[in-house]
Structures are given as structure tokens and as C-alpha cells.
Protein chains: 2
Amino acid sequence: MPASPAAPGSTALGEPRSDAGRRRAGRPVGGVLDKAGITAAALKLIEKKGYDGLTMAALARSLNVAPSALYNHMESKRDVLLLVEDHLAALVDVSAFGAEPWEEAVRKWAWSYRDVFSRHTPLIPVIAVLPVTDAPQTLAMYETVSAGFRDAGFPEERIVSSIVALESFIFGSAYDVTAPADIFDSGSMAEATPSFTGAVRSLAAQGHERPADVAFSLGLEALIAGLGALRGA
Amino acid sequence: MPASPAAPGSTALGEPRSDAGRRRAGRPVGGVLDKAGITAAALKLIEKKGYDGLTMAALARSLNVAPSALYNHMESKRDVLLLVEDHLAALVDVSAFGAEPWEEAVRKWAWSYRDVFSRHTPLIPVIAVLPVTDAPQTLAMYETVSAGFRDAGFPEERIVSSIVALESFIFGSAYDVTAPADIFDSGSMAEATPSFTGAVRSLAAQGHERPADVAFSLGLEALIAGLGALRGA
DNA sequence: TCTCGTAAATGAATGGCATTCATTTAGTGG
DNA sequence: CCACTAAATGAATGCCATTCATTTACGAGA
């Protein structure tokens with residue numbers, strides 16, 4: 001474990017090569033550029049500037065290092081995204097599996113999963129195609145969830161498909177959270193689309209603060225009920 | 001229903017024909033650079049080179065035009081993607097609404113929707129945040145589907161949320177189709193994740209040709225059953 | 001104590017990208 | 001025939017990820 005948490009301040013790299021006198025500075029400061037350090041810097045950058053601000057140059061700058069230095073530790077920017085993804089996977093709440101009934105455990109897991117990634121939707125295309133081998137925390141999440149399904153009485157050959165179905169719904173719903181409020185405004189086509197326009201108005205009249213939550217709850221409860229019926233079959 | 005199958009494809013697309021002496025002089029060739037022409041060229045490019053090959057430069061080249069010329073017709077590359085998205089929306093099969101029972105109509109719509117966009121996953125982040133105003137064919141799809149839900153007895157204020165829930169599942173599942181076969185290979189962590197590894201093996205032993213279809217079917221049937229129960233409530 | 005191998009950092013390319021802009025072109029309506 | 005305007009041009013601009021030859025500094029072995 002090389003990484004001490006922060007301890008970055010002292011270094012001030014970027015020494016000119018000549019001037020051999022004060023060589024204190026250029027040395028490999030323990031662990032700022034290891035995976036934990038890169039992940040932490042990337043997360044801080046994302047938080048402050050969003051995913052558009054997450055460039056290799058900006059990441060390097062936040063680590064007081066030249067952009068090319070990052071490539072001694074990562075093969076590509078995708079690796080940085082993987083690191084971030086795996087970090088986030090550890091934030092998903094799986095604690096209810098083994099402690100509460102299956103339905104409630106799935107419910108808590110799904111809401112938590114959606115909430116975490118709704119703030120990181122640019123990662124979704126990455127996750128969806130990500131071999132779990134490269135993401136230990138993500139794999140750990142799957143293990144806990146799988147065990148929960150098995151213990152709830154799911155036939156083994158249906159467990160993965162059920163989880164995938166839930167995950168697909170969760171990823172799609174994460175996008176939904178970020179959609180603008182007026183996404184369903186049919187504008188000038190309103191008269192040409194009476195059923196849809198009416199349905200949109202009728203939903204709006206309900207005055208929900210977060211319409212995305214209504215759809216998510218509706219779909220999630222349907223999935224829990226439908227998938228739950230597979231137990232013991 | 002405005003959902004006519006194809007766009008007004010009247011204009012001959014940007015075939016590489018004008019190679020004759022008129023290198024100079026961008027005379028306004030009638031309609032090659034209108035929305036239909038741009039859409040057709042973009043689709044052809046995507047088909048041949050994938051979304052990585054869809055650059056403004058390549059698109060312009062396939063239309064025998066300078067890249068900057070595109071900006072007389074579109075504000076940004078995003079507009080090109082919107083055009084493509086809306087074209088694809090017209091390919092989604094909504095014909096069963098009004099002709100078959102609600103369950104079967106939803107089933108056909110959902111499979112078709114997923115199949116179309118599983119070949120165009122880079123559009124998903126665009127669609128998910130796309131105001132429908134800018135996409136008439138997409139809006140037409142929503143109108144048909146909404147009418148189908150209304151006629152099936154759904155309370156008006158639940159229609160949009162139900163569609164959104166289904167769509168979220170569809171988008172997530174579209175990614176799933178593109179995932180590599182070995183995505184769940186837990187590699188060196190296999191012994192540390194017995195439940196998950198066992199579940200993966202057990203699914204693999206079933207020998208499904210398209211595992212993504214199993215998960216999609218499972219989730220879709222659960223959603224149809226769960227959402228269907230809202231009718232008349 | 002010296003020397004050398006190596007891991008890690010440097011900065012200067014490279015090539016690709018979307019987008020902008022001043023300018024030019026060619027049809028069209030008066 | 002002229003003026004207006006829509007549309008095309010190509011030469012920037014600025015940003016980006018990534019590569020590479022070179023340099024630096026530490027530590028292991030002599």
C-alpha cells in the first residue's frame with residue numbers, strides 16, 4: 001500500500017534539467033501517481049468541472065505532472081474512466097442483501113445504484129461493455145448481489161439474467177434523471193399528438209418534484225414482482 | 001398516424017457523381033445538402049465506418065462538399081446525430097398498437113425498439129436528453145404508443161411514466177446486446193466470487209446463443225405484467 | 001563509493017477533431 | 001443588368017489524446 005492519502009503539496013516538479021544543485025524536487029513522490037492518487041484526482045476534477053473538464057492535460061495538471069507522465073501508469077484515458085467506475089461501484093449500497101428480505105434488498109440496491117450513476121452518466125457506455133475482470137469492486141458488488149439472489153431461492157441459471165435485466169433498467173433510468181424538465185414538450189406539434197400531449201399534461205398536473213423517480217419506482221416494482229416470481233420455479 | 005415508414009427520400013443522395021470539370025464553384029446542387037441528404041449520407045457512413053467514422057469532415061467528403069459547408073445547414077454535429085436518431089425512430093415497429101392486445105403490442109414495440117438502437121448505441125446518450133420537439137418521427141412514435149396505452153385502459157397520468165420506464169429498460173438493454181461475450185469472466189478473482197462465478201457458469205451451460213435476449217425477455221415480461229396491472233386502477 | 005539499470009518524468013511533436021470566419025460564388029427577383 | 005442572398009470555400013483556431021526521444025533520480029550490486 002504505497003498511497004498515503006494526500007501529501008502532494010511538497011513536490012513542485014517541473015525542474016529544469018540543468019542546475020544540478022537542488023535536486024530535491026523531481027523524485028517520485030510516494031504514490032501520487034499510483035491508481036489511488038489518479039482516481040482521487042480524477043474524481044475531484046469531475047466534481048469540479050464535469051466530464052468535459054476531465055482531460056488528460058487537466059488531470060496531469062491537477063497532479064503537478066506532465067500529461068505524458070500519466071501514460072507510464074495507464075494505457076489510455078479509458079483506463080482512467082475504469083478506475084473511476086470501479087471506485088463508484090464501491091459506493092453502491094449492497095448492505096441489505098443477507099440482512100433484509102430479497103425485495104427490500106433489491107430495492108435499496110437499485111435506488112442506490114441509479115443515484116450513484118445518474119451523476120456519472122458518461123461512464124455508462126463504459127460500464128455496459130466493461131469486462132468485470134478489470135474492476136474488482138464492481139465484481140465484489142456482483143458477488144454480493146448474486147449471493148443474495150441465490151439465498152432468496154433463485155435458480156442458479158436465472159440469476160445473471162435477472163441481474164442484467166435490473167441493471168439495464170437502472171442504467172437507462174440514470175440517464176432519465178439528467179433529462180431536462182421540458183423534454184416532453186411537444187411544442188408546435190401539440191395538436192397533432194393529442195394522446196401524448198394529454199398524457200404529458202396529466203403527469204405534469206400531478207406536480208411531482210422528480211418525475212424520473214415516479215417512472216423508476218413504477219418500473220422497479222414491476223421488475224421486483226415479476227423477477228421475484230422466478231424463485232423456487 | 002404520421003409515422004410513415006421512411007423519410008421523404010425523394011432527393012437523390014450525395015452520390016459521388018459530380019467529379020467532372022466543376023471542381024471549383026460550389027454551385028448549389030439542388031438539395032443534396034438538405035436534411036434528407038445529410039441524413040442519408042450520415043447513415044451510409046455509419047453503416048460503413050461506424051460511429052468513429054462519422055466525422056464532419058468525412059460526412060462532408062461523402063457529400064462532395066467542404067466541411068464548413070455543413071454549418072450552413074446544421075448548428076453542430078449534434079444536429080446530425082438528431083437527424084439520424086429521428087430517422088431511426090421511424091423504423092421502430094408500432095404497428096401492433098390498435099391492432100393487437102396491449103401486451104403483444106408493447107412486446108413487439110419493445111423488441112423492435114431495442115433492435116434498432118442496439119446497432120446505434122452511441123445515440124443513446126443523445127436520445128435520453130433529447131427534447132421531442134426537435135424530433136418529429138420520435139414524437140410520432142410516442143403518440144402512437146400513448147394512444148395504445150390510453151385505449152388499453154391506462155389512467156392518463158400514468159402513461160408517460162410507464163413509457164419512460166419501458167424506454168429506460170430498452171436503452172439499457174440495447175447496450176447489453178453489444179457487450180463482449182466474456183464480459184462476466186471473473187478471471188483470477190473466480191475463487192473469491194463463488195456465487196457470481198457459479199451463476200455465470202450455470203447460465204453459460206444453458207448454451208443460449210444470445211444471452212442478452214434472455215435477460216431482455218425476462219425483464220420485458222416482468223414489466224409488461226407489472227405495468228399492465230395499472231390498467232383500470 | 002562508484003556504476004549502471006530501470007522506472008518514471010519531461011516537453012516537444014503528431015494527427016485528428018469540431019467549429020469559425022472572411023471571402024467568393026452563382027443563382028433569383030426586381 | 002444589378003443587387004441581394006443563400007450557400008460553398010479553405011484557411012485558420014483551439015482542443016484533444018497519444019507518442020517518442022531524452023533526461024532524471026533512485027537503488028542494487030560490485
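Every chain is numbered from 1 and lettered A, B, ... according to where its sequence line falls, protein lines coming before strand lines. These numbers come from the heavy atoms of this one structure, side chains and all, not from hydrogens, waters or symmetry mates.
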Discussion item. Taking D134(A) first and then R78(A), would you say they form a salt bridge - that is, a charged N and a carboxylate O separated by under 4.0 Å?
Written reply: no
Discussion item. Does any part of the side chain of Y51(A), heavy atoms only, come nearer than 4.5 Å to the side chain of L45(A), both counted from C-beta?
Written reply: no
Item to complete: Could you check how far CG of L63(B) sits from C1' of dA7(D), rounded to whole Å?
Response: 14 Å
Item to complete: Take atom CE of M56(A) and atom P of dT18(D), then tell me their distance rounded to the nearest Å.
Response: 6 Å
Worksheet entry | Spacing of L70(A) atom CG relative to dC20(D) atom C1', expressed in whole Å | 16 Å
Worksheet, complete the sentence: Atom CE of M74(A) and atom P of dA8(C) are separated, to the nearest Å, by 13 Å
Discussion item. Output the rounded distance in Å from CZ (R61(B)) to P (dT9(D)).
Written reply: 14 Å
Discussion item. Looking at N72(A) and dA9(C), is any side-chain donor or acceptor paired with a base atom of the opposite kind under 3.5 Å?
Written reply: yes
Worksheet item: Once you round it to whole Å, what is the distance between P of dC15(D) and OH of Y51(A)?
Response: 23 Å
Item to complete: Going by the ring pair (Phe, Tyr, Trp, His ring centres under 6.0 Å) test, name the single residue among Y175(A), F169(A), F171(A), Y113(A) that passes it with F216(A).
Response: F169(A)
Worksheet, complete the sentence: Winner on side-chain proximity to S76(A), out of dT18(D), dT19(C), dT9(D), is dT18(D)
Worksheet item: Of the nucleotides dT18(D), dT19(C), dA8(C), which has the atom closest to the H73(A) side chain?
Response: dA8(C)
Item to complete: Would you mind classifying the nucleic acid contact of S68(A) as base, sugar-phosphate or nothing, using non-hydrogen atoms under 4.0 angstrom?
Response: base
Worksheet item: K77(B) NZ to dC17(C) C1': how many Å, rounded?
Response: 8 Å
Worksheet item: Taking S186(B) for the side chain and M189(B) for the main chain, is one N or O donor matched with an acceptor at less than 3.5 Å?
Response: no
Worksheet item: To the nearest angstrom, how far is R78(B) atom CZ from dT19(C) atom P?
Response: 11 Å
Practice prompt. Rounded to the nearest 0.5 Å, what's the gap from CH2 on W111(B) to OG on S217(B)? Could you check?
Written response: 5.5 Å
Practice prompt. Identify which nucleotide among dA17(D), dT9(D), dT10(C) has an atom closest to any side-chain atom of A66(A), counting heavy atoms from C-beta outward.
Written response: dT10(C)
Fill in: Residue met sooner reading DNA chain D from 5', once V65(B) and G53(A) are mapped to nucleotides
V65(B)
Worksheet item: How do E75(A) and D52(A) order along DNA chain D: which one's closest nucleotide is nearer the 5' end?
Response: D52(A)
